[in-house]
Amino acid sequence: MEAFTTHTGRIVPLRRSNVDTDQIIPAHWLKKVTRDGFEDGLFEAWRKDPEFVLNQPRFAGADVLVADTDFGTGSSREHAVWALQNYGFKAVISPRFADIFRGNSLKNGLLTVVLPDETVRALWELAESDPTAEVTVDLVRCKVLAPGVDADFTLDENARWRLLEGLDDIGLTLSNEDAIADYEARRPSFKPRTQAA
Amino acid sequence: MPSEGIPMGRTLAEKVWDDHVVRRVEGEPDLLFIDLHLLHEVTSPQAFDGLRKAGRPVRRTDLTIATEDHNTPTLDIDKPIADPVSRVQLETLRKNCADFGVRLHPLGDVEQGVVHVVGPQLGLTQPGTTVVCGDSHTSTHGAFGALAFGIGTSQVEHVLATQTLPLAPFRTMAITVNGELPDDVTAKDLILAIIARIGTGGGQGYVLEYRGEAIEKLSMEARMTICNMSIEAGARAGMIAPDRTTFDYLEGRDHAPTGADWDEAVAYWQTLRTDDDAVFDHEVVIEAAELAPFVTWGTNPGQGAPLSASVPDPAAFADAGEQLAAEKALEYMGLTAGKPLREITVDTVFVGSCTNGRIEDLRSAASVVEGRRIADGVRMLVVPGSVRVALQAVEEGLDKVFTEAGAEWRHAGCSMCLGMNPDQLKPKERAASTSNRNFEGRQGKGGRTHLVSPQVAAATAVLGRLASPADLSTGPGNPSSRETVGV
Ligand code: SF4
């Protein structure tokens, strides 16, 4: 995974709550067997509307998405994270994220930042009044900074460390081989098996 | 939070969690062992790719099983799959399972079906196990007292390689349903009412435990319907303590323990109850007697109301965000505030999915349409959750009941639940669906979905408008009647 330390970019204000994963990337895109090429599917239905925020020239190239609460609800599809990244987004800010989406994002190096409603509103208003305004999402200091905005955020320490270092989770877990083997040795025999080992 | 060995009562979820800790270190997430890993074609290809690139094997093929469900057609299943992209995805799963030694039930196999229907019916889903799948509705398996949750593709790869997952701690929420459900109220109505009450984000960070008299009286299939939709409240998982109903369901199934193992297993399973002195982080209490058939009017599963109500006025919501969400939902759904829900006409009725595609669901829908015709111009699709469910239904003659009423009887799979295969709604087409998501475009681009129970789906098909079986027995002239129909 690519490490995330700090990023400065412009804001895409998405004034929508409950942005579910079917909106982020519709199901028919899920037939692909790769991790790339999902950018055209991102918010596919909404992008048909010329007024949709991603279609507005003033927000072209902006790569910090700021959305209303409950972003990423619905399915477990990691494709939602890949689509946001393939399109170019580096970070997403919202008052609340769905759990699975959040886990997926952090595993792929897409930083998801939880900020209070007022701060999210302030960022929307900033971007809408001045689309050239820049926001800095700083994972080292756990801060979001923009003209008129200086907000602290928190992230689980362990997740933050993995992200800052760009660590491979599987490699880390496999370094605990002894603990896994121990556990396997003491598992009860009545536990189900799908086939002979 | 999982307890730290302090002698204090623990909840069911905490007990199962504690029994799976492989490694616990201060300041790090617990590393949990995974008892059962379910795979399907959509969320696994990139995970197998990752294994190949790193030269890693599947650690425990004996705890892993795959089936095909999301992409599979429900017609002409013996012909090559028409959509080349779907075909590639299924072929990729077949190749991956062959290369890595994973058991697979492909299209055409008698054990094929929606992954969350297949696991329980094989007896693989058992109390006190940890179950994961690259699919959010893995919460279904919590009905057995398993800790079961959906994971992303990176985690699928992690479990394939290590049979473990590092997991952040959770909070616990008790949802107690007191009393008995009225005769015309099903598990689907109950869970829709719960989601409307706590909201689509209300369960976030929590493992929900459904308990109380009404839950204890439910069959395993109804319990699966409830736990299935825990994710629609944003929950990490949903659970129900195992009891005699659970043990009876499991006994004799292909992968259930036998002999001395069975006795040992049951003795363990009986310990899987929340202790009397355990404390939940949050509690919700629901009175079963106050519930009625429930349907959604909007574009998320929390936007629901009793069938007897009307489409709400967005201005009536206290929260500005909810007002806006309701306005957008009504626009998308083509509805106006104040319209009685019972007057909403539908084009399509879908009975199926991992929420309501099991045999009891089909029986329940069949009992309503039996001897009746579905309304002119209404298309009704009945898609069993698995091949086993389909075979059982045919044995009971349910397929005939449906086809004689004018419905289409299809092959098992996810089908119109998410419209990845050809079963899709057209723009503005309106459906009553027994599935779990009414998101914009979920069942096909521009399609409009009302989530309902199998009984309501069936009555809706007959009358061509949202209805419950009670409306049939008294005729459309008296829709307010609450006379119940036994099913
Ligand atoms: S039936 Fe629907 S919800 Fe269930 S696994 Fe299939 S697509 Fe997902």
Side-chain angles (χ1 to χ4, degrees), chain A residues 15-18 20-23 26-28 30-35 44-45 68-70 73-79 81-82 96-101 103-104 107-108 117 156-159 168-174 176 179-180 182-184 187-197, chain B residues 22-23 27-29 31 33 35-36 42-43 45-46 61-65 71 85-86 88-89 92 103 123-124 126 129 134-136 150-155 157-158 161-164 166 168 200-201 204-205 234 236 255 257 261 264-265 268 300 321 325 418-420 437 439-442 445:
Chain A
R15 286 183 182 260
R16 284 230 181 207
S17 61
N18 271 291
D20 61 72
T21 50
D22 279 80
Q23 300 318 315
H28 69 98
L30 273 47
K31 298 177 184 183
K32 290 170 66 71
V33 296
T34 57
R35 281 177 185 251
E44 188 181 50
D68 206 347
T69 197
D70 292 320
T73 54
S75 96
S76 65
R77 59 187 73 160
E78 202 157 310
H79 314 65
V81 172
W82 303 332
R96 188 163 62 188
F97 291 94
D99 277 324
I100 303 179
F101 175 84
N104 288 341
K107 288 207 179 329
N108 284 275
D117 286 325
D156 167 76
E157 245 334 285
N158 193 266
D168 164 26
D169 274 0
I170 296 177
L172 280 180
T173 296
L174 285 174
N176 298 304
I180 302 173
D182 269 2
Y183 184 92
E184 288 177 321
R187 261 180 103 234
S189 64
F190 59 75
K191 292 274 186 168
R193 280 165 194 270
T194 58
Q195 59 178 335
Chain B
V22 167
R23 181 173 177 269
E28 286 185 36
L31 187 65
F33 193 80
D35 288 315
L36 179 65
V42 178
T43 53
Q46 297 86 352
T61 50
D62 61 330
L63 304 183
T64 311
I65 188 168
N71 268 294
V85 199
S86 289
V88 166
Q89 197 164 58
T92 305
R103 171 176 165 188
L124 282 166
Q126 294 180 15
T129 55
D135 192 284
S136 59
I151 57 179
T153 297
S154 295
Q155 289 173 305
E157 184 182 340
H158 196 114
T162 72
Q163 203 58 37
T164 64
T200 53
Q204 203 225 11
R236 294 270 295 273
H255 291 271
D261 272 350
E264 206 190 321
Y268 170 60
N300 73 54
L418 91 166
M420 262 184 96
R437 288 192 174 138
F439 297 158
E440 291 181 19
R442 167 79 176 183
K445 250 179 232 174

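In the text below, chain A, chain B and the rest are named by the order of the sequence lines, each starting its count at 1. Computed from heavy atoms alone, side chains included, the values below leave out hydrogens, waters and symmetry copies.
When all heavy atoms are compared, the tightest approach of B/Q89 to A/K32 is NE2-O, 3.5 Å. In plain terms, the two heavy atoms of B/A325 and A/S17 that are nearest each other are CB-OG, 3.9 Å. Residues A/R35 and B/T153 approach most closely at NH2-CG2, 4.5 Å, considering heavy atoms. Here the shortest heavy-atom pairing between A/K191 and B/D35 reads NZ-OD2, 3.2 Å.
Taking A/I100, A/I180, A/D70 one by one and counting their heavy-atom pairs under 4.5 Å with chain B, the maximum is reached by A/I180. For chain A, the option among B/T200, B/T162, B/N71 with the highest count of heavy-atom pairs below 4.5 Å is B/T162. Top candidate by heavy-atom pairs under 4.5 Å with chain A, chosen from B/G441, B/P29, B/G321, is B/P29. Among the candidates B/L418, B/L36, B/V85, B/V88, the residue making the largest number of heavy-atom pairs closer than 4.5 Å to chain A is B/V85. Chosen from A/I170, A/D22, A/N158, the residue pairing most often with chain B at heavy-atom distances under 4.5 Å is A/I170. The most heavy-atom pairs under 4.5 Å with chain A, out of B/T61, B/T43, B/I65, come from B/T61. Interface remark: of the candidates A/Q23, A/R77, A/R15, A/Q23 forms the most heavy-atom pairs closer than 4.5 Å to chain B. Top candidate by heavy-atom pairs under 4.5 Å with chain B, chosen from A/E157, A/H79, A/H28, is A/H79. By number of non-hydrogen pairs under 4.5 angstrom with chain B, the leading residue of A/N176, A/D156, A/T73 is A/N176. Chosen from A/K31, A/K107, A/E78, A/R193, the residue pairing most often with chain B at heavy-atom distances under 4.5 Å is A/K31.
Side chain of A/D99 to main chain of B/G205: a donor-acceptor pair is present (N/O by atom type, distance under 3.5 Å, no hydrogens or angles). The closest donor-acceptor contact from the side chain of B/R23 to the backbone of A/A179 lies at 3.5 Å or more, if one exists at all.
Looking at A/D168, the atoms closer than 4.5 Å to chain B (heavy atoms on both sides) all sit in the side chain, from C-beta outward. Residue B/L31 touches chain A through its side chain alone, counting heavy-atom pairs closer than 4.5 Å. Neither the backbone nor the side chain of A/D117 has a heavy atom closer than 4.5 Å to any heavy atom of chain B. Heavy atoms closer than 4.5 Å to chain A are found in both the backbone and the side chain of B/R442.
Distance check, rounded to the nearest 0.5 Å: CG of A/L174 to NE2 of B/H158 gives 7.0 Å. Separating the OG atom in B/S136 from the CZ atom in A/F101 is a distance of 14.0 Å, to the nearest 0.5 Å. Separation of atoms CD (B/Q126) and CZ (A/F190) is listed at 8.5 Å; rounding is to 0.5 Å. Here the straight-line distance linking atom CG of A/D169 with atom CD of B/E157 works out to 10.0 Å at 0.5 Å rounding.
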Check against side-chain contact (heavy atoms from CB on, under 4.5 Å), A/Y183 and B/T164: CA-CA 10 Å; A/Y183 184 92; B/T164 64; over 6 Å; no
Chi angles and distances behind the side-chain contact (heavy atoms from CB on, under 4.5 Å) call for A/R187, B/L63: CA-CA 13 Å; A/R187 261 180 103 234; B/L63 304 183; 4.0 Å; yes
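At a threshold of 4.5 Å between non-hydrogen side-chain atoms, the residues B/Q155 and A/N104 count as touching. Inter-residue side-chain proximity for A/E184 and B/V22 is flagged as unmet; no heavy-atom pair is nearer than 4.5 Å. Looking only at side-chain heavy atoms (C-beta outward), A/D20 and B/N300 stay at 4.5 Å or farther from each other.
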